Amino acid sequence: MQIKYGKPVMEGISIGKIFVYNRMNNDVCDERIVDVETEIARYKEARTEVIVNLQELYEKSIHTVGKATASIFLIQQMVAQDDNYNTAIESMIRSQKVNAQYAVAKVADSMALIFKMMDNTYMRERAADISDVSEKIINALNGGIVNVIHSDEPVVLITDDLSPTETYKLTREKVLSIVTINGSVNSHTAIIAKTMGLPALIKTDIELNENLTGKLAIVDCYHNCVYIDPSEEVLEVAQNRLQRDLKQKEIYKELRGKKTVSPQGKTINLLANINSLNDVDIALSNDAEGIGLFRTEFFFLAKERFPTENEQFEIYKKVLMKMGDKPVTIRTFDLGADKATEYLRMPEEKNPALGLRGIRFGLNRSNILITQLKALLRASLYGNLKILLPLIISVEEVEKVYKILNDIEDNFHSKGIEIGDYKVGVMIETPAAVMISDLLAARVDFFSVGTNDLTQYTLAIDRQNQFVEPYYNAKHTAIKRMLDMVAVSAKANAIELSICGELAANLTLTDYFLSRGYNSLSVVPEMIFPLKQKIMIP
Ligand code: PEP
Ligand code: MG
């Protein structure tokens, strides 16, 4: 039995077979293709995806490992953009009518061999870059991580790291839990895993050894470790713990449907944070009294182009209909920073977390925001819609959004398109929003405090950066004082007040939140029952 330690993103335990996902090892089959142009287009798309990912990797790692080491990603980008490399692959697909994966693998092998035989050390080292970048392209052609998990049962996925988009594409039918070597517990990757109810260990001290695939593992997020090939005794203890967790879930069921009222008579709305339409079922099965945060940007990131108004309308309508008359808070896309993809054509930024993201991205690229707001207003007919604006720092931004909303309403009115009632609120997730919360409260229907970013921007700690993670303290006195201040502004203007950052699920702070007047808490679905129990039966 081996024991490897990591950082858990939430409590829980899972027992299953391991699947090691090593981006560097893809099986490639030689397949004949009929439509050469489609295959070349597929290749070009995969290559562009890799170029964009390499840029992201470069920007991310420059802060952590320094410019010199990070430049490896720029070199790999150059390989992917190299004319000889691309022409060789495209002409092989064309002349031999083979699948793109096979052409990439063959061209990579022969080019790497040529480089390996060169006299110059620098050039010899480039052979590894050719192989690396080719593996990445093959991986993208294979459809990414979800498509390479071949197992009849859900697996314990062990890999180096996952991007938020990769995690978003995972399903609970395929994955039981996640173990990564890198990453940060405050990242969107961790939050998405939590929302899906997947126990996950981040920054685990483990090697990506393919021989582990198929072995039994216990991911124990109570003891922050993964047991590989567990002994009989350890397995028995884990199975008992799993049974206990299941029993606890049965106990929680007794609270189902009951209003969340504290012994002092305070009523609290317990809402769910979701990232996709699929998450609505998880929210409902955990008795969510509404959706407190729907992060719509992941729907954008999973696509190769901007979703159309109709595509968005269908999603929002379905979420609203599934939730009936319960409130559904849909946040306009918070794209940018770690949530970017190729077709967004983001400018190169030195500090993306302080860059074009959230509402400033939306107002800067207003056509995209207008399309989303149109879809939302059309969907407002089908439920209880609350529109939430991310990363607000000024009243002017809110006024600009109101202007867009008014124009859309006028336009719909002239065309006879009906809309329903809706509310507009803002995320309080920047120190600026806290400091002007009195002014904002006078202009909006509700506040939702995003403690994840509020912590990042208040403490000057990059929430993505594993090296400064120990300093990321969402319970810092500065944050608490900000929460107090926001509550005062909300109360003075009698607007709804909620917290949707991860701190909302911290059971040690529940009493404090209630005492300050936070009457809604929006958390990952799995945390709704524990919170309900904590409030009703303290
Ligand atoms: C937050 O910042 O607290 C929040 C809820 O938004 P996100 O985690 O999506 O940035
Ligand atoms: Mg945020």
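Every number for a ligand or one of its atoms is a count from 1 in the order of the listing. Just so it is clear, the structure is predicted and the values come from calculations on it, not from any experiment.
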Atom name, E429 (N, O or S, nearest to the Mg ion (ligand 2)): OE1
Tell me whether the count of non-hydrogen atoms from other residues, nucleotides or ligands lying under 6.0 Å of OH in Y471 goes above 12. no
Considering the heavy atoms of M427, write down every atom of ligand 1 situated less than 4.0 Å from one of them. 4 (C), 5 (C), 6 (O)
N/O separation below 3.5 Å, E297 to ligand 1: no
Tell me whether the centres of the aromatic rings in Y252 and F529 are closer together than 6.0 Å. yes
Quick note on ligand 1: atoms under 4.0 Å from a heavy atom of L293 include exactly 5 (C)
Got more than 12 heavy atoms from elsewhere within 6.0 Å of CZ, R481? no
OG on S380 to CG on L373, rounded to 0.5 Å: 11.5 Å
Heteroatom of D453 nearest to the Mg ion (ligand 2) (N, O or S, atom name): OD2
Counting each atom of ligand 1 from 1 as listed, which ones have a heavy atom of D453 under 4.0 Å away? 1 (C), 2 (O), 3 (O), 10 (O)
Considering distance alone, does some N or O of R463 sit under 3.5 Å from an N or O of ligand 1? yes
Identify which of R331, H188, K339, E502 has a heavy atom lying nearest to atom 6 (O) of ligand 1. R331
Has K303 got more than 12 heavy atoms of other residues, nucleotides or ligands less than 6.0 Å from its NZ? yes
Got a sec: does the NZ of K4 have more than 12 other heavy atoms crowding it under 6.0 Å? yes
